[in-house]
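Notes follow once the structure below has been shown.
In what follows, chains are A, B, ... by sequence order, proteins preceding strands, each numbered from 1. These numbers come from the heavy atoms of this one structure, side chains and all, not from hydrogens, waters or symmetry mates.
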2 protein chains.
Amino acid sequence: MDKISGNALRGHLDAMVLATLAQGEGHGFEIMQRLGSAGRGALELKEGTLYPVLYRLEAAKLIVGKWETGATERRGPRRRIYKLARNGRRDLKRRQEQWRHFTQIIGGIVEAPA
Amino acid sequence: MDKISGNALRGHLDAMVLATLAQGEGHGFEIMQRLGSAGRGALELKEGTLYPVLYRLEAAKLIVGKWETGATERRGPRRRIYKLARNGRRDLKRRQEQWRHFTQIIGGIVEAPA
DNA sequence: ACATACTATTTAGCGTTGCTAAGTAGCTGT
DNA sequence: ACAGCTACTTAGCAACGCTAAATAGTATGT
(Lines give C-alpha, C1' and ligand atoms only; values in the text may rest on other atoms or scores of the structure.)
Protein backbone atom coordinates (compact mmCIF):
# COMPACT_ATOMS: atom_id res chain seq x y z
CA MET A 1 0.00 0.00 0.00
CA ASP A 2 1.15 3.48 -0.75
CA LYS A 3 1.84 6.20 1.73
CA ILE A 4 -0.93 8.15 3.38
CA SER A 5 -0.06 11.79 3.01
CA GLY A 6 -1.07 15.14 1.65
CA ASN A 7 -4.66 16.12 1.71
CA ALA A 8 -5.95 12.88 3.15
CA LEU A 9 -4.38 13.73 6.49
CA ARG A 10 -5.88 17.19 6.68
CA GLY A 11 -7.98 17.75 9.71
CA HIS A 12 -6.92 14.47 11.27
CA LEU A 13 -3.32 15.19 12.16
CA ASP A 14 -4.24 17.09 15.30
CA ALA A 15 -6.27 14.18 16.60
CA MET A 16 -3.42 11.82 15.79
CA VAL A 17 -0.94 13.85 17.76
CA LEU A 18 -3.30 14.27 20.71
CA ALA A 19 -3.97 10.53 20.71
CA THR A 20 -0.25 9.83 20.64
CA LEU A 21 0.31 12.08 23.63
CA ALA A 22 -2.58 10.39 25.42
CA GLN A 23 -0.33 7.32 25.52
CA GLY A 24 2.29 9.32 27.37
CA GLU A 25 4.19 12.56 27.12
CA GLY A 26 7.03 12.91 24.67
CA HIS A 27 9.07 15.30 22.60
CA GLY A 28 8.57 16.18 18.96
CA PHE A 29 11.09 13.86 17.45
CA GLU A 30 9.78 11.01 19.51
CA ILE A 31 6.17 11.67 18.55
CA MET A 32 7.26 11.59 14.95
CA GLN A 33 8.80 8.19 15.49
CA ARG A 34 5.83 6.87 17.42
CA LEU A 35 3.50 7.95 14.65
CA GLY A 36 5.85 6.40 12.13
CA SER A 37 5.72 3.02 13.80
CA ALA A 38 2.00 3.26 14.54
CA GLY A 39 1.56 3.96 10.84
CA ARG A 40 3.09 0.60 9.94
CA GLY A 41 5.03 2.03 7.06
CA ALA A 42 2.13 3.99 5.65
CA LEU A 43 2.99 7.22 7.43
CA GLU A 44 6.06 9.26 6.76
CA LEU A 45 5.63 12.53 8.56
CA LYS A 46 8.48 14.96 8.23
CA GLU A 47 9.60 17.57 10.72
CA GLY A 48 8.10 20.36 8.69
CA THR A 49 4.76 18.67 9.08
CA LEU A 50 4.82 17.69 12.72
CA TYR A 51 6.40 20.62 14.53
CA PRO A 52 3.94 23.22 13.28
CA VAL A 53 1.17 20.95 14.55
CA LEU A 54 2.74 20.97 18.00
CA TYR A 55 3.05 24.75 17.99
CA ARG A 56 -0.56 25.02 16.92
CA LEU A 57 -1.79 22.65 19.62
CA GLU A 58 0.28 24.37 22.27
CA ALA A 59 -1.00 27.79 21.24
CA ALA A 60 -4.52 26.38 21.56
CA LYS A 61 -3.64 25.17 25.07
CA LEU A 62 -4.47 21.59 24.18
CA ILE A 63 -0.95 20.48 25.04
CA VAL A 64 1.73 21.97 27.26
CA GLY A 65 5.40 21.85 26.39
CA LYS A 66 8.47 22.56 28.41
CA TRP A 67 12.16 22.29 27.79
CA GLU A 68 13.71 19.28 29.40
CA THR A 69 15.91 20.20 32.39
CA GLY A 70 17.61 18.78 35.44
CA ALA A 71 16.65 15.29 36.45
CA THR A 72 15.30 14.17 33.11
CA GLU A 73 18.01 15.87 31.11
CA ARG A 74 20.48 14.00 28.98
CA ARG A 75 23.16 14.85 26.51
CA GLY A 76 22.43 16.07 23.02
CA PRO A 77 20.30 18.85 21.65
CA ARG A 78 17.61 20.28 23.88
CA ARG A 79 14.22 18.65 23.71
CA ARG A 80 10.80 20.04 24.36
CA ILE A 81 8.54 17.62 26.20
CA TYR A 82 4.85 17.87 25.45
CA LYS A 83 1.96 16.49 27.39
CA LEU A 84 -1.81 16.59 27.09
CA ALA A 85 -3.51 19.48 28.85
CA ARG A 86 -6.91 19.03 30.49
CA ASN A 87 -8.53 20.71 27.51
CA GLY A 88 -6.56 18.45 25.26
CA ARG A 89 -7.95 15.31 26.76
CA ARG A 90 -11.44 16.67 26.45
CA ASP A 91 -10.75 17.74 22.90
CA LEU A 92 -9.37 14.34 22.02
CA LYS A 93 -12.55 12.66 23.14
CA ARG A 94 -14.57 15.01 20.99
CA ARG A 95 -12.33 14.33 18.02
CA GLN A 96 -12.61 10.60 18.50
CA GLU A 97 -16.37 10.84 18.32
CA GLN A 98 -16.05 13.02 15.25
CA TRP A 99 -13.72 10.48 13.70
CA ARG A 100 -16.27 7.70 14.12
CA HIS A 101 -18.96 9.92 12.70
CA PHE A 102 -16.73 10.92 9.81
CA THR A 103 -15.76 7.38 8.84
CA GLN A 104 -19.33 6.21 9.09
CA ILE A 105 -20.74 8.93 6.86
CA ILE A 106 -17.94 9.17 4.33
CA GLY A 107 -17.35 5.43 4.35
CA GLY A 108 -21.01 4.86 3.65
CA ILE A 109 -20.71 7.02 0.57
CA VAL A 110 -17.33 5.92 -0.72
CA GLU A 111 -17.91 2.22 -0.17
CA ALA A 112 -21.54 2.11 -1.23
CA PRO A 113 -22.05 -1.10 -3.21
CA ALA A 114 -22.38 -0.38 -6.91
CA MET B 1 -23.48 15.62 15.50
CA ASP B 2 -21.95 18.61 13.79
CA LYS B 3 -21.36 19.02 10.11
CA ILE B 4 -18.50 17.34 8.35
CA SER B 5 -16.74 19.99 6.33
CA GLY B 6 -13.58 21.86 5.68
CA ASN B 7 -10.33 20.05 6.02
CA ALA B 8 -11.80 16.72 7.01
CA LEU B 9 -13.19 16.31 3.51
CA ARG B 10 -9.95 17.10 1.77
CA GLY B 11 -8.75 14.33 -0.42
CA HIS B 12 -11.97 12.37 -0.04
CA LEU B 13 -14.41 14.50 -1.99
CA ASP B 14 -13.27 13.12 -5.33
CA ALA B 15 -13.91 9.57 -4.18
CA MET B 16 -17.30 10.59 -2.86
CA VAL B 17 -18.34 12.08 -6.18
CA LEU B 18 -17.02 9.12 -8.15
CA ALA B 19 -18.88 6.74 -5.85
CA THR B 20 -22.05 8.74 -6.28
CA LEU B 21 -21.78 8.55 -10.05
CA ALA B 22 -21.12 4.83 -9.79
CA GLN B 23 -24.74 4.56 -8.63
CA GLY B 24 -25.87 6.18 -11.85
CA GLU B 25 -25.18 9.23 -13.98
CA GLY B 26 -26.48 12.59 -12.92
CA HIS B 27 -26.01 16.33 -13.16
CA GLY B 28 -24.22 18.55 -10.72
CA PHE B 29 -27.15 19.82 -8.77
CA GLU B 30 -28.49 16.31 -8.43
CA ILE B 31 -25.16 14.94 -7.23
CA MET B 32 -25.15 17.66 -4.61
CA GLN B 33 -28.55 16.53 -3.43
CA ARG B 34 -27.65 12.87 -3.48
CA LEU B 35 -24.59 13.57 -1.37
CA GLY B 36 -26.69 15.67 0.92
CA SER B 37 -29.13 12.87 1.58
CA ALA B 38 -26.40 10.23 1.76
CA GLY B 39 -24.75 12.44 4.33
CA ARG B 40 -27.78 12.17 6.60
CA GLY B 41 -27.63 15.80 7.59
CA ALA B 42 -23.92 15.81 8.26
CA LEU B 43 -22.94 17.02 4.81
CA GLU B 44 -23.77 20.43 3.44
CA LEU B 45 -21.84 20.83 0.24
CA LYS B 46 -22.33 24.09 -1.58
CA GLU B 47 -22.14 24.67 -5.31
CA GLY B 48 -18.80 26.38 -4.98
CA THR B 49 -17.46 23.19 -3.52
CA LEU B 50 -18.99 20.61 -5.80
CA TYR B 51 -18.80 22.10 -9.28
CA PRO B 52 -15.05 22.65 -9.22
CA VAL B 53 -14.70 19.00 -8.25
CA LEU B 54 -16.67 17.99 -11.33
CA TYR B 55 -14.54 20.19 -13.58
CA ARG B 56 -11.44 18.69 -12.06
CA LEU B 57 -12.63 15.11 -12.50
CA GLU B 58 -13.74 15.76 -16.05
CA ALA B 59 -10.39 17.37 -16.90
CA ALA B 60 -8.74 14.25 -15.50
CA LYS B 61 -10.98 12.12 -17.76
CA LEU B 62 -12.40 10.23 -14.81
CA ILE B 63 -15.91 11.36 -15.68
CA VAL B 64 -17.51 12.56 -18.93
CA GLY B 65 -20.07 15.29 -19.02
CA LYS B 66 -22.39 16.41 -21.74
CA TRP B 67 -25.15 18.95 -21.97
CA GLU B 68 -28.57 17.44 -21.86
CA THR B 69 -30.32 17.57 -25.25
CA GLY B 70 -33.21 16.19 -27.21
CA ALA B 71 -34.92 13.17 -25.74
CA THR B 72 -33.77 13.61 -22.18
CA GLU B 73 -34.26 17.36 -22.24
CA ARG B 74 -36.77 19.13 -20.08
CA ARG B 75 -37.65 22.69 -19.28
CA GLY B 76 -35.54 24.87 -17.04
CA PRO B 77 -31.88 25.78 -17.08
CA ARG B 78 -29.54 23.56 -19.05
CA ARG B 79 -28.01 20.68 -17.16
CA ARG B 80 -24.75 18.90 -17.66
CA ILE B 81 -25.02 15.14 -17.19
CA TYR B 82 -21.96 13.40 -15.88
CA LYS B 83 -21.13 9.74 -15.91
CA LEU B 84 -18.18 7.61 -14.83
CA ALA B 85 -15.52 7.05 -17.47
CA ARG B 86 -13.68 3.75 -17.68
CA ASN B 87 -10.71 5.33 -15.96
CA GLY B 88 -13.06 6.67 -13.35
CA ARG B 89 -14.37 3.28 -12.41
CA ARG B 90 -10.82 1.98 -12.12
CA ASP B 91 -9.83 5.02 -10.11
CA LEU B 92 -12.79 4.61 -7.79
CA LYS B 93 -11.74 1.06 -6.98
CA ARG B 94 -8.27 2.27 -6.15
CA ARG B 95 -9.65 5.01 -3.94
CA GLN B 96 -11.92 2.60 -2.13
CA GLU B 97 -8.94 0.45 -1.24
CA GLN B 98 -7.08 3.55 -0.14
CA TRP B 99 -10.03 4.58 1.97
CA ARG B 100 -10.02 1.27 3.82
CA HIS B 101 -6.29 1.53 4.32
CA PHE B 102 -6.62 5.10 5.49
CA THR B 103 -9.34 4.42 8.05
CA GLN B 104 -7.52 1.40 9.37
CA ILE B 105 -4.22 3.20 9.91
CA ILE B 106 -5.53 6.54 11.09
CA GLY B 107 -8.33 4.95 13.09
CA GLY B 108 -5.82 2.74 14.83
CA ILE B 109 -3.96 5.82 15.94
CA VAL B 110 -6.85 8.13 16.79
CA GLU B 111 -8.88 5.50 18.59
CA ALA B 112 -6.02 3.76 20.36
CA PRO B 113 -7.20 2.91 23.88
CA ALA B 114 -5.62 5.22 26.43
C1' DA C 1 41.19 18.59 12.64
C1' DC C 2 37.56 17.19 9.57
C1' DA C 3 33.85 14.50 7.85
C1' DT C 4 29.83 11.87 8.57
C1' DA C 5 25.79 10.64 10.89
C1' DC C 6 22.27 10.80 14.19
C1' DT C 7 19.30 13.37 17.34
C1' DA C 8 16.38 17.56 17.77
C1' DT C 9 14.24 21.88 16.53
C1' DT C 10 13.06 25.89 13.53
C1' DT C 11 11.04 28.27 9.67
C1' DA C 12 10.26 30.45 4.91
C1' DG C 13 7.62 29.58 1.05
C1' DC C 14 4.62 26.73 -1.83
C1' DG C 15 0.49 24.29 -3.76
C1' DT C 16 -3.78 21.99 -3.23
C1' DT C 17 -8.37 22.40 -2.44
C1' DG C 18 -12.59 23.28 0.06
C1' DC C 19 -15.32 27.52 1.18
C1' DT C 20 -17.44 32.28 0.74
C1' DA C 21 -20.01 34.98 -1.87
C1' DA C 22 -21.69 36.74 -5.66
C1' DG C 23 -23.48 36.55 -10.27
C1' DT C 24 -26.22 34.70 -14.55
C1' DA C 25 -30.25 32.38 -16.33
C1' DG C 26 -34.75 29.76 -17.11
C1' DC C 27 -39.08 28.45 -15.25
C1' DT C 28 -43.37 28.58 -12.01
C1' DG C 29 -46.71 30.63 -9.02
C1' DT C 30 -48.79 34.75 -6.72
C1' DA D 1 -43.35 42.46 -10.76
C1' DC D 2 -41.52 39.63 -7.45
C1' DA D 3 -40.22 35.68 -5.02
C1' DG D 4 -38.45 31.17 -5.14
C1' DC D 5 -36.67 27.15 -7.07
C1' DT D 6 -33.51 24.79 -10.28
C1' DA D 7 -28.87 24.89 -12.40
C1' DC D 8 -24.35 26.46 -13.38
C1' DT D 9 -20.10 29.65 -13.02
C1' DT D 10 -16.20 31.83 -10.91
C1' DA D 11 -13.03 35.17 -8.38
C1' DG D 12 -10.68 35.29 -4.30
C1' DC D 13 -9.62 33.50 0.26
C1' DA D 14 -7.54 30.70 3.93
C1' DA D 15 -6.10 26.55 6.14
C1' DC D 16 -2.61 23.40 6.40
C1' DG D 17 0.44 19.68 5.04
C1' DC D 18 4.85 19.46 2.40
C1' DT D 19 9.56 20.83 0.56
C1' DA D 20 13.77 22.21 1.73
C1' DA D 21 17.19 24.16 4.14
C1' DA D 22 19.36 25.90 8.25
C1' DT D 23 21.12 25.49 13.14
C1' DA D 24 23.10 22.86 16.93
C1' DG D 25 24.79 19.16 20.14
C1' DT D 26 26.93 14.56 20.48
C1' DA D 27 29.46 10.41 18.88
C1' DT D 28 32.45 7.84 15.78
C1' DG D 29 35.85 7.29 12.34
C1' DT D 30 39.94 8.85 9.47
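- B/Arg95 places a side-chain heavy atom less than 4.5 Å from the side chain of B/Leu62.
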Could you list all N or O pairs between the protein and nucleotides 22-29 of chain D that sit under 3.5 Å apart?
| residue | atom | partner | partner atom | Å |
| --- | --- | --- | --- | --- |
| D/dA27 | OP1 | A/Arg75 | NH1 | 3.2 |

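- Of the possible donor and acceptor atoms, none in the side chain of A/Glu44 sits under 3.5 Å from a partner among the backbone N and O of A/Lys3.
- No more than 12 heavy atoms of other residues, nucleotides or ligands shown are found within 6.0 angstrom of CD on A/Gln104.
- For B/Trp67 and C/dA25, the CH2 to C1' distance is 11 Å, given to the nearest whole Å.
- Only A/Ser5, A/Gly6, A/Arg10, A/Gly11, A/Leu13, listed by number, bring a heavy atom of residues 2-26 of chain A to less than 4.0 angstrom from any atom of DNA chain D.
- For A/Tyr51, no side-chain nitrogen or oxygen approaches OP1 or OP2 of C/dT10 to under 4.0 Å.
- At a threshold of 4.0 angstrom between heavy atoms, the contacts of A/Gly48 include nucleobase atoms, whether or not backbone atoms are also involved.
- Shown here is B/Arg94, whose CZ atom has more than 12 heavy atoms of other residues, nucleotides or ligands within 6.0 Å.
- Remark: A/Arg40 CZ is loosely packed, at most 12 non-hydrogen atoms of other residues, nucleotides or ligands lying under 6.0 Å away.
- Summarising the geometry, the separation between CD on A/Glu30 and C1' on C/dT7 is reported as 12 Å, rounded to the nearest angstrom.
- Rounded to an integer number of Å, the gap from NZ of B/Lys46 to C1' of C/dA21 is 10 Å.
- In terms of position on DNA chain C, the residue among B/Arg56 and A/Tyr55 whose nearest nucleotide sits closer to the 5' end is A/Tyr55.
- The CG-P distance, from B/Leu57 to C/dT17, rounds to 10 Å in whole Å.
- For the residue pair B/Leu43 and B/Leu35, the shortest heavy atom distance occurs at CD1-O, 3.7 Å.
- Atom C1' of nucleotide C/dC19 and atom CG of B/Leu45 are separated by 11 Å, given to the nearest angstrom.
- Not one side-chain nitrogen or oxygen of B/Arg80 sits closer than 4.0 Å to the OP1 or OP2 atom of D/dT9.
- What separates CD of B/Glu44 from P of C/dC19 is a distance of 11 Å, to the nearest Å.
- Between the CG atom of B/Leu54 and the C1' atom of C/dT17 there is a distance of 14 Å, rounded to whole Å.
- Taking the six-membered ring where tryptophan is involved, the planes of A/His27 and A/Phe29 are essentially parallel, since the angle between them stays under 30° and well short of 60°.
- The side-chain heavy atoms of A/Asp2 and B/Gln98, taken from C-beta on, include a pair separated by under 4.5 Å.
- Taking the six-membered ring for Trp and thresholds of 30 and 60 degrees, A/His12 and B/Phe102 have ring planes more than 60 degrees apart, a perpendicular arrangement.
- Closest contact between the side chain of B/Arg79 and the listed nucleotides C/dT11, D/dA7, C/dG18 involves D/dA7.
- A straight line from CG of A/Leu50 to P of D/dC16 spans 15 Å, rounded to a whole angstrom.
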